[in-house]
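Numbers restart at 1 for each chain; the letters A, B, ... are given by sequence-line order, proteins then strands.
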Amino acid sequence: MSNKLSHSFYKSNNILQSAKNLLGKVLCTKINNQFTSGKIIEVEAYLGSNDRASHSYNNKKTQRTAPMFASGGISYVYLCYGIHHLFNVVVGEKNNPCAILIRGLEPVDGVNIMLKRRNLNNLKNELTNGPGKLTQALGITTQINKKSLLGNKIWIEDYNLHVIKKDILSSSRIGVDYAGDDAKLPYRFYINNNKWVSK
DNA sequence: CCAGGGATGGACT
DNA sequence: GTCCATCCCTGGT
C-alpha cells in the first residue's frame with residue numbers, strides 16, 4: 001500500500017491550510033538509488049502574486065519561477081546565495097503561483113546516507129534543521145526542480161502521524177525583509193518544542 | 001555579457 | 001549569541 005499524498009492534496013488553493021497540513025508528513029527522496037526521508041517540522045507559505053515575499057509576486061514569471069505557475073504537485077528547487085538549494089512544494093491550481101518552503105525535518109530513514117552527505121559523524125540537529133541543510137541531507141538539488149511529487153524520485157507520505165493543533169505555532173517568515181509589510185505576515189508554521197526547527 | 005542579488009550556514013567568541 | 005563570507009545563476013541589456 002502507498003501512503004503517498006495524492007493529486008488532490010496539492011490542488012487546494014487554501015495555501016495556509018496546506019502548509020499546516022504538511023507538518024508531520026514525511027518527505028522522501030530516492031536519489032542515485034539511495035532512499036532517505038524526514039518528517040516535516042517547519043514550513044513557510046508563499047502566497048503568490050499578491051505576496052511581496054514570493055518570487056512570483058506581481059505574477060513575475062521567469063524561467064526560474066515558472067514551476068510556481070504550474071499546477072500543484074511538483075517541486076520548486078532554486079539556488080540561494082549561490083550555494084544552498086532550497087526545496088518548495090508547489091501547491092494550488094495552475095497560474096496560482098504558490099509554494100511552501102520546507103525549513104526543518106526530523107530524520108526518519110537513511111540517516112547514515114544523510115550524515116555522509118552533510119559530512120557529519122553523528123546525529124545532531126544541524127543535520128536537517130534548516131532549509132539548505134535538509135536539501136543537502138536528502139540529496140535535493142536543482143536537478144530535481146520541476147519534478148512531479150507523485151513520481152519515484154521525490155514524494156511525500158502521510159503516515160498518519162498526529163500533530164496536535166495547539167503544538168502548531170506560527171511566526172513571521174525568515175529572511176524576507178525585502179517584502180515590506182508582508183514580511184510581518186505569520187506564514188511560518190512549526191511544531192512547538194521540536195529540536196529540528198531551524199535557528 | 002555581466003552586475004547584482006539572494007526563502008542561509010557555519011565559524012567563532 | 002553574534003557576525004559575515006557566500007558564488008552561482010538569473011534576467012535585463
*Asks:* Do side-chain atoms of A/Arg188 reach the backbone of A/Arg173 as a donor and acceptor pair under 3.5 angstrom?
*Replies:*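 Checking the backbone N and O of A/Arg173 against the side chain of A/Arg188, no donor-acceptor pair under 3.5 Å is found.
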
*Asks:* To the nearest angstrom, how far is A/Met68 atom CE from B/dA7 atom P?
*Replies:*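 Roughly 11 Å, once rounded to whole Å.
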
*Asks:* Determine the interatomic distance between C1' on C/dC4 and the same-named atom on B/dG6; round to the nearest Å.
*Replies:*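 My reading of the C1' atoms in C/dC4 and B/dG6 gives 15 Å.
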
*Asks:* Give the rounded distance in Å between these two atoms: CD of A/Glu42 and C1' of B/dT8.
*Replies:*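 Atom-to-atom, A/Glu42 to B/dT8, this comes out as 12 Å.
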
*Asks:* May I have all residue pairs that pass salt bridge (Lys or Arg N to Asp or Glu O under 4.0 Å) and include part of residues 87-104 of chain A, sequence neighbours excluded?
*Replies:*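 As it turns out, the salt bridge (Lys or Arg N to Asp or Glu O under 4.0 Å) pairs with a partner in residues 87-104 of chain A, which skip direct neighbours, are A/Glu42-A/Arg103, A/Glu44-A/Arg103.
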
*Asks:* Over how many whole Å does the gap from A/Arg173 atom CZ to B/dG6 atom C1' extend?
*Replies:*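 Answer to the nearest Å: 16 Å.
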
*Asks:* Counting only side-chain nitrogens and oxygens, does A/Tyr78 get under 4.0 Å of the OP1 or OP2 atom of B/dA7?
*Replies:*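 So the side chain of A/Tyr78 is within the cut-off, an N or O lying under 4.0 Å from OP1 or OP2 of B/dA7.
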
*Asks:* Verify, without hydrogens or angle tests, whether A/Asn88 (side chain) and A/Tyr76 (backbone) share a donor-acceptor contact under 3.5 angstrom.
*Replies:*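 Side chain of A/Asn88 to backbone of A/Tyr76: a pair is present.
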
*Asks:* Provide, to the nearest angstrom, the distance between the CD1 atom belonging to A/Ile83 and the P atom belonging to C/dC7.
*Replies:*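 Between P of C/dC7 and CD1 of A/Ile83: 5 Å.
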
*Asks:* May I have the distance from A/Leu79 (atom CG) to B/dT8 (atom C1'), rounded to whole angstrom?
*Replies:*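 It works out to 11 Å between those atoms.
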
*Asks:* What's touching nucleotides 9-11 of chain B from the protein side, N or O pairs under 3.5 Å?
*Replies:*
residue	atom	partner	partner atom	Å
B/dG9	OP1	A/Pro131	N	3.4
B/dG9	OP1	A/Gly132	N	2.4
B/dG9	OP1	A/Lys133	N	2.9
B/dG10	OP1	A/Arg118	NH1	3.2
B/dG10	OP2	A/Arg118	NH2	3.3

*Asks:* To the closest 0.5 Å, what do you measure between CD (A/Glu106) and CG (A/Asn125)?
*Replies:*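 Here the rounded value is 11.5 Å.
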
*Asks:* Work out how far the C1' atom of B/dC12 is from that of C/dC7, and round it to whole angstrom.
*Replies:*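 Looking at atom C1' only, B/dC12 and C/dC7 are 22 Å apart.
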
*Asks:* Quick check against the 3.5 Å criterion: does A/Ser75 have a side-chain atom that pairs as donor or acceptor with the backbone of A/Val77?
*Replies:*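 No, the answer is negative, given that no donor and acceptor are paired below the 3.5 Å cut-off.
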
*Asks:* For A/Ser37 and A/Asp109, indicate whether the former's side chain and the latter's backbone hold a donor-acceptor pair under 3.5 Å.
*Replies:*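 Such a contact is found between A/Ser37 side chain and A/Asp109 backbone.
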
*Asks:* Roughly how many Å is it from CG in A/Asn125 to P in B/dT8, rounded to a whole number?
*Replies:*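 The answer, rounded to whole Å, is 18 Å.
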
*Asks:* Which residues in residues 10-24 of chain A have at least one heavy atom lying under 4.0 Å from any atom of DNA chain B?
*Replies:*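 Going residue by residue through residues 10-24 of chain A, none turns out to have a heavy atom under 4.0 Å of DNA chain B.
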
*Asks:* Answer yes or no: does a side-chain N or O of A/Tyr178 lie under 4.0 Å from OP1 or OP2 of B/dA7?
*Replies:*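 For B/dA7, OP1 or OP2 has a side-chain N or O of A/Tyr178 closer than 4.0 Å.
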
*Asks:* Keeping the roles fixed (side chain from A/Asn194, backbone from A/Trp196), state whether a donor-acceptor pair exists under 3.5 Å.
*Replies:*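 Yes: the side chain of A/Asn194 pairs with the backbone of A/Trp196.
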
*Asks:* Whole Å only: how far is the CD1 atom of A/Ile140 from the P atom of B/dT8?
*Replies:*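 Rounded to whole Å, this separation is 16 Å.
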
*Asks:* When all nucleic acid strands are considered with a 4.0 Å heavy-atom cut-off, which category describes A/Leu101: base, sugar-phosphate, or nothing?
*Replies:*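 It contacts base atoms.
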
*Asks:* Is there a path of hydrophobic side-chain contacts, each under 4.5 Å between heavy atoms, that joins A/Ile41 and A/Ile154?
*Replies:*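 Hydrophobic grouping puts A/Ile41 with A/Ile154.
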
*Asks:* Could you tell me if A/Arg64 sits above the aromatic ring of A/Tyr78, with its cationic atom closer than 6.0 Å to the ring centre and no more than 45 degrees from the axis?
*Replies:*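 Satisfied, under 6.0 Å and within 45°.
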
*Asks:* Give the rounded distance in Å between these two atoms: NE2 of A/His85 and C1' of B/dG6.
*Replies:*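 Rounding to the nearest Å, NE2 of A/His85 and C1' of B/dG6 are 14 Å apart.
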
*Asks:* For Watson-Crick and G-U wobble pairs within 3.5 Å on both distances, what is DNA chain C written in dot-bracket notation, | included for inter-strand pairing?
*Replies:* |||||.||||||.

*Asks:* Look only at the side chain of A/Asp158 and the backbone of A/Asn160, and say whether a donor-acceptor pair between them is shorter than 3.5 Å.
*Replies:*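 Here the side-chain-to-backbone pair exists.
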
*Asks:* Check which hydrophobic residues are tied to A/Trp155 through side-chain heavy-atom contacts below 4.5 Å, counting indirect links as well, and list them.
*Replies:*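 A/Phe35, which link up through side-chain heavy atoms under 4.5 Å apart, make up the rest of the cluster.
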
*Asks:* So which of residues 44-67 of chain A are in contact with DNA chain C, with a heavy-atom cut-off of under 4.0 Å?
*Replies:*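 Within residues 44-67 of chain A, the residues near DNA chain C are A/Thr62, A/Gln63, A/Arg64.
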
